[in-house]
2 protein chains.
Amino acid sequence: MKDSNNIGLVNAAHPDRESWARPDDKLDLRLWLRLLTCSTLVENRLRTLMRNDFAMTLPRFDLMAQLASAPRGMKMSELSRSMMVTNGNITGIVDQLEQEGYVERQKVDTDRRSSLIRLTAEGRRKFRGMSRSYRAWVGELFEPLSEESRQQLFNLLGELKEAGRSASTPA
Amino acid sequence: MKDSNNIGLVNAAHPDRESWARPDDKLDLRLWLRLLTCSTLVENRLRTLMRNDFAMTLPRFDLMAQLASAPRGMKMSELSRSMMVTNGNITGIVDQLEQEGYVERQKVDTDRRSSLIRLTAEGRRKFRGMSRSYRAWVGELFEPLSEESRQQLFNLLGELKEAGRSASTPA
DNA sequence: TATTGTTATACTCTATAACTATA
DNA sequence: TATAGTTATAGAGTATAACAATA
């Protein structure tokens, strides 16, 4: 074994965002990089499928999903918080979706600065189709995990989410 | 309780990328969205810190990290695979890092099409500093998790990674 | 004064595809 | 013919900061 770059058979065979960590690195670093690898893996796959099948990007889909769960509409600031991005981004995404006819801004009486964003009928129709596929794709990707593994993973990520909440919303 | 948009106290208090899922949605969907929330949470935090403290972006740091674990250098195609992005992106990132003096391209004799990318001395120095902080930040973010939780999470994400490997490298 | 949302700016990353040099 | 890498293009997301309107 003369190759000093060798970092283990598994890593060598399947390099990924985790593979720069060494086995003797602290677990939290390796855990984070593995989390990142998993989310990149899934996101790459979903992004491609979404684009090919629906000419849709992930953030636009996410925004429509948020609205689909809020029939009364959401304010821009609420969308910003839910999607964990800054205000200006939401304006941009909503602009695009509005132009495509999937969402609409509705002025609200009680506060004339803000408006409620809602799915249009066409937006709801579009989302139903996308959502069905999205769920199926996610189902396939997670299918190899046992029900028990999924539940454990869900709970553990819940702990992590609680932990990291305080410091992580972008300005 | 007259608000039909209500999706539970926890969600209402801390909306995030997971909060459009309903409690009765399939676990795999909720699990995926929670995974996404966690990785967004951590990434947002690390991105801000990296920019503020080191004028560095996450992809550039990732690339330097890969190289730091490969003293002999890596080919562009290897970087592309490890970082799970397309070839052209790697060219762009390497170009920038080369201009900043952190990496260098070295022509290789055996195949004149390709070259080996390596950290320069300055790159190694820069990376050491960034790496120290990066590890500390990750440590803080994951600190609330017990050692056992981390280990479980690490193992479960390993399962997921194996599962999703087949279909997820971007073209 | 503080907040909601928009606008302007600039940058980074991204994929796709066409291209070159070499194998 | 196939592969390694670059270039060209276009687009999407991002943060920051300044701004207008309103609370």
Side-chain angles (χ1 to χ4, degrees), chain A residues 17 36 40 43-52 54-63 73-81 83-100 103 105-117 168-171, chain B residues 17 36 39-40 43-52 54-64 73-100 103-117 168-171:
Chain A
R17 303 187 72 178
L36 193 53
T40 304
E43 254 193 309
N44 281 349
R45 183 85 185 123
L46 292 176
R47 174 172 20 249
T48 301
L49 291 164
M50 262 308 180
R51 186 178 46 237
N52 292 347
F54 295 102
M56 180 63 58
T57 66
L58 258 19
R60 283 208 270 265
F61 171 77
D62 285 353
L63 196 146
M74 292 174 76
K75 296 199 298 179
M76 301 293 282
S77 49
E78 291 175 326
L79 284 167
S80 167
R81 238 171 300 135
M83 296 184 61
M84 306 165 78
V85 298
T86 50
N87 239 317
N89 295 321
I90 299 296
T91 297
I93 297 177
V94 166
D95 284 348
Q96 294 171 26
L97 287 172
E98 192 177 31
Q99 244 181 339
E100 298 180 79
V103 309
R105 287 171 163 92
Q106 191 192 31
K107 279 298 174 195
V108 55
D109 294 353
T110 57
D111 184 340
R112 283 156 62 203
R113 292 172 303 181
S114 70
S115 52
L116 281 176
I117 318 301
S168 305
T169 305
Chain B
R17 304 188 70 177
L36 193 54
S39 103
T40 304
E43 253 193 311
N44 282 349
R45 184 83 185 122
L46 293 177
R47 172 171 23 246
T48 300
L49 290 165
M50 264 305 183
R51 186 179 46 236
N52 292 346
F54 296 102
M56 179 65 55
T57 65
L58 258 19
R60 284 208 270 266
F61 171 78
D62 284 353
L63 195 147
M64 291 179 73
M74 293 174 75
K75 296 198 298 179
M76 302 293 283
S77 49
E78 291 175 328
L79 284 167
S80 166
R81 237 171 301 136
S82 295
M83 297 184 60
M84 307 166 76
V85 299
T86 51
N87 239 318
N89 295 321
I90 299 297
T91 296
I93 297 178
V94 167
D95 284 350
Q96 295 171 26
L97 288 173
E98 192 177 31
Q99 245 182 338
E100 298 180 78
V103 310
E104 62 191 358
R105 288 173 163 91
Q106 190 192 33
K107 278 301 175 191
V108 56
D109 293 354
T110 57
D111 185 340
R112 284 156 61 201
R113 290 172 305 181
S114 71
S115 52
L116 281 176
I117 319 301
S168 304
T169 306

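Throughout, a chain's letter reflects where its sequence line sits, starting with A, and its residues are numbered from 1.
Rounded to whole Å, atom C1' of dT6(C) lies 16 Å from atom NZ of K75(A). The nearest whole Å value for the distance from the CG atom in L79(A) to the C1' atom in dG13(D) is 16 Å. Regarding I90(A), its CD1 atom lies at a distance of 15 Å from the P atom of dT7(C), rounded to whole Å. Rounded to whole angstrom, the span from the CG atom of L116(B) across to the C1' atom of dG5(D) amounts to 13 Å. dA21(D) atom C1' lies 15 Å from atom CE of M76(A), rounded to whole Å. The distance from atom CZ of R51(A) to atom P of dT14(C) is 13 Å, rounded to the nearest whole Å.
Scored by the side chain to side chain donor-acceptor pair (under 3.5 Å) test, S39(B) finds S39(A) as partners (sequence neighbours excluded). Partners of L49(B) according to the side chain to side chain contact (heavy atoms under 4.5 Å, CB included) rule, which considers only residues two or more places apart in sequence or in another chain, are R45(B), W137(B). The side chain to side chain donor-acceptor pair (under 3.5 Å) test applied to E100(A) returns no partner, not counting sequence neighbours. The salt bridge (charged side-chain N to carboxylate O under 4.0 Å, His left out) check on R51(A) picks up nothing, with sequence neighbours excluded. Residues satisfying the side chain to side chain donor-acceptor pair (under 3.5 Å) criterion with N87(A), sequence neighbours excluded, are absent altogether.
Note on S115(A): every side-chain N or O is 4.0 Å or more away from OP1 and OP2 of dG5(C). For dT6(C), the OP1/OP2 oxygens have no side-chain nitrogen or oxygen of N87(A) closer than 4.0 Å. Checking the phosphate oxygens (OP1, OP2) of dG5(C), no side-chain nitrogen or oxygen of T91(A) falls inside 4.0 Å.
Sequence neighbours left out, the pairs with a member in residues 84-96 of chain B that pass salt bridge (Lys or Arg N to Asp or Glu O under 4.0 Å) are D95(B)-R105(B).
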Using a 4.0 Å heavy-atom cut-off to protein, can you give one letter per nucleotide of nucleotides 17-23 of chain C, 5' to 3': B if the base is in contact, S if only the sugar-phosphate is, - if neither? ----BBS
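Each of L58(A) and G92(B) was matched to the nucleotide of DNA chain D holding its nearest heavy atom; the match closer to the 5' end belongs to G92(B). Of the two residues contacting DNA chain C, namely N52(A) and R105(A), the nearest-nucleotide position lying further toward the 5' end is that of R105(A).
If you check every strand for non-hydrogen atoms under 4.0 Å, R47(A) touches nothing.
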Please enumerate all protein N or O atoms sitting under 3.5 Å from an N or O of nucleotides 10-12 of chain D, with distances to 0.1 Å.
none

M76(B) and S80(B): CA distance, side-chain angles, deciding distance, side chain to side chain contact (heavy atoms under 4.5 Å, CB included) verdict: CA-CA 6 Å; M76(B) 302 293 283; S80(B) 166; over 6 Å; no
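In terms of heavy-atom proximity, K107(A) sits nearest to R112(A) at NZ-O, 4.0 Å. Nearest approach of F61(A) to M56(A), heavy atoms of both residues: N-SD, 3.9 Å.
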